[in-house]
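Written below as structure tokens is the structure these notes are about.
Residue numbers start at 1 and run along the sequence shown. Start at 1 and go down the list; that is how both ligands and their atoms are numbered.
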Amino acid sequence: MCRRSPVALFVALCASQLGMWAAGRSKVNPRIITAPQGAKEYVFPRSEKYPVFYHNENSSAIYIGGEGKLYYYDFATYENHTEDFPVKNEGQCMMPGSLEDNKNYLTLVEKYGDGMLVCGTGACAPTCWNLTQRKERTSWDGRGIAPFTPDSNTLVVVDGHDIYSTIKKSQQNGKIPRFRRVRGGGELYTSDTVMQNPQFVKATTLRHEEPHQDKIYYFFREDNPDKSPEAPRNISRVAQLCKEDKGGTSSLSASKWTTFLKASLICVDPVTKGNFNWLQDVFFVPASNWRHSKVYGLFTNTWGSSAVCVYSFGDIDNVFRTSRLKGYNGPNPEIKPGQCVSSGQHTPSETFKIADSHPEVEDRVEPLSPTKSPLFHNKHRYQKIGVHEVSAGDGRRYNVLYLATDKGSIHKIVELPDGVQNIMELQVFPKKDPIQSMILDHKRAVLYIGSTDKVVEIPMDMCRVYRNNCDSCLLARDPYCGWFNGSCQSVYLNREVRQNLNLEPWQGKCQNGDIKEDDFQTITVVPFSRYYLNCPIESHYATYNWYHNNSLIKTCNTTHPQQDCFHFIQNVSHIHYGRYVCVSEEDGFRQALVKEHLVNQLRFMSQKGQATVTFGSWLQLLLMVVLVELFH
Ligand SMILES: *[C@@H]1O[C@H](CO)[C@@H](O)[C@H](O)[C@H]1NC(C)=O
Ligand SMILES: *[C@@H]1O[C@H](CO)[C@@H](O)[C@H](O)[C@H]1NC(C)=O
Ligand SMILES: *[C@@H]1O[C@H](CO)[C@@H](O)[C@H](O)[C@H]1NC(C)=O
Ligand SMILES: *[C@@H]1O[C@H](CO)[C@@H](O)[C@H](O)[C@H]1NC(C)=O
Ligand SMILES: *[C@@H]1O[C@H](CO)[C@@H](O)[C@H](O)[C@H]1NC(C)=O
Ligand SMILES: *[C@@H]1O[C@H](CO)[C@@H](O)[C@H](O)[C@H]1NC(C)=O
Ligand SMILES: *[C@@H]1O[C@H](CO)[C@@H](O)[C@H](O)[C@H]1NC(C)=O
Ligand SMILES: *[C@@H]1O[C@H](CO)[C@@H](O)[C@H](O)[C@H]1NC(C)=O
């Protein structure tokens, strides 16, 4: 069951019998993550081409919508069932291209009211079903909430009784995508001129202090109006709408949002001037004060690199409130474009007319101060982002980013005081299987990773992937894990764990008196002898460092190819005693490979001698003590 990682140079830590891979980025000790701590999986009864996933926070269950089926699985109880949603009346697909889609693909599974809302294409006749606890089921016309055929450029946001959607309501006309409110407080849609060929990414609603200021934000890409050859063809945007928007006052504008504004999202590396213009995914991190709520934007560029830029809703709101409108030089009306009006009122038509013809603000939304630059960027082509905030042993909160690659794996990246660190690569699926979905359960600290065949539940606190010694546990700098009572443990099991997330040296924390000798190998060495410290080189992509007491004394890397990383002591004297640790580091993944405690043989013996002193050894001991004192 336990295979080698497809990434030739990294031997994965093989996770349970599920074929899941935690590539520890190291050739060291592949270790099996045992079932209780490891991942669990649910394999669908059959493969699903367009699966959709729903998970209710703090539960252990998942729903998967497939073709004509809704699967339910509880990872804690193994309870599982399947419900059928067959096509009625042989389907409505007429157009030649859509005949193969003459099936009911479920496209939405959400909590709605007291029950669940399930919607599907209904074979070109979009349909929704209300599911109640008592398994009753009522179906209704789902046009505008489910597409006619499976379509990736769709967003549906269920917020209480309101449903927002980017799905067109008719199969023939309506080529221009719109952002609509389709259920709840009256139907509204965006003007066809305010976006150019939009590709929607994600949307959220955000409560402000006063209810009439509550907003909807959505993130999308569109064609860049700047057609100059050096300008990128696509541009990333954020748009705002007021939740209580009542539409316009004239018959032409009555069904249009009157509070729409859009702004550019900037993600540029100031050092290389590299522009990450292609918004791939976003993740919202709420805060008690909405201004401090954050947006983690995942961007890619034409060269296949990725960057993460972080924005605050306070900054976004500021841009929309204070910026001039692009191309508008006239006077500002009393109610400014984009301003939410008090409950029950309409935006004045004068304000709407200006906003409708100048929907873009001039100022751009920049990443958080002070750096206004990406959190990081690298050469991976990430597809999805998730952020989890973990309370570590020091009482501080750390953000951990989960990034899904295009090769079936997840990178776990931590924001630490000295920058971000990529601490783990989890090969969840074979490289060729794309990750369709990544859901974070913040309360239970688990991830649900979905493909077209299965869902895997993975705990965020996988502490046994690290070598079980104090130094490796601390060097990993994993905020979920720390050293306690002789093992690398989860902070959720024990808050008192020892960790090294700040900038202090880690060694001191592993040598506190209460840990007796920890796991150092004690080696007695006589003075004036030669001694080799030897660290095996296991990966040619790693750097190896020897530390003595707390200081770096030797670095080895492949620029000097050799079998092992030696440190040679020509003539051992008292300064050479103490603790030596060899640390390997590869792509930020660090572990302690060799740990030796060199002690003076004579002193060591004299200490032991005191305990077991016999009459016959008195003379010998006396001689030793004299010798030891001579060396100091
Ligand atoms: C999560 O669910 C458990 C019961 O399953 C409950 O005891 C706990 O309070 C819940 N936690 C939160 C934060 O809602
Ligand atoms: C589904 O439930 C049945 C019992 O109802 C159980 O025997 C079976 O193992 C479960 N399937 C999975 C994949 O856990
Ligand atoms: C479905 O549920 C929603 C919310 O509870 C309700 O407003 C709607 O009337 C229901 N539709 C049907 C057909 O029962
Ligand atoms: C830009 O958008 C167009 C469609 O609008 C798309 O075909 C093209 O691939 C995009 N370019 C990049 C670099 O993603
Ligand atoms: C420490 O671990 C041992 C077993 O390794 C266990 O018996 C003991 O209860 C643990 N102590 C604490 C304080 O957790
Ligand atoms: C080792 O050092 C001591 C004093 O520091 C010196 O007396 C001795 O000759 C040295 N031994 C060798 C082999 O160099
Ligand atoms: C290799 O080590 C040298 C110093 O010994 C350092 O300057 C160089 O950057 C290292 N190379 C890599 C690839 O780590
Ligand atoms: C390292 O520590 C040992 C004992 O703790 C001490 O004897 C030795 O002199 C120290 N060496 C250095 C270079 O700090």
Atom indices of ligand 6 within 4.0 angstrom of N571 heavy atoms, with elements:
1 (C), 2 (O), 3 (C), 8 (C), 10 (C), 11 (N), 12 (C), 14 (O)
Other residues, nucleotides, ligands: >12 heavy atoms within 6.0 Å of Y78 OH
no
Qualifying residues under side-chain contact (heavy atoms from CB on, under 4.5 Å), relative to K69, sequence neighbours excluded:
R46, Y71, T82, D84
Any nitrogen or oxygen of N58 lying under 3.5 Å from a nitrogen or oxygen in ligand 1? Just yes or no.
yes
List every atom of ligand 6 that sits less than 4.0 Å from any heavy atom of F528, numbering the atoms from 1 in the order shown and giving each element.
1 (C), 3 (C)
Show me the short polar-atom pairs for ligand 8: any N or O of it lying under 3.5 Å from a protein N or O, with distances only.
| from | atom 1 | to | atom 2 | distance (Å) |
| --- | --- | --- | --- | --- |
| ligand 8 | 2 (O) | N549 | OD1 | 3.1 |
| ligand 8 | 2 (O) | N549 | ND2 | 2.6 |
| ligand 8 | 11 (N) | N549 | ND2 | 3.0 |
| ligand 8 | 11 (N) | I575 | O | 3.0 |
| ligand 8 | 14 (O) | N549 | ND2 | 2.8 |

Partners passing ring-ring contact (aromatic ring centres under 6.0 Å, His included) against Y382 (at least two apart in sequence or in another chain)
H380, H411
Determine the sole option in W546, Y580, Y531 for which the side chain to side chain donor-acceptor pair (under 3.5 Å) test with E596 is passed.
Y531
Partner set under ring-ring contact (aromatic ring centres under 6.0 Å, His included) for Y72, not counting sequence neighbours
Y63, H81
Does atom NZ of K294 have more than 12 heavy-atom neighbours from other groups under 6.0 Å away?
no
When you look at CD of E57, are more than 12 heavy atoms from neighbouring residues, nucleotides or ligands closer to it than 6.0 Å?
yes
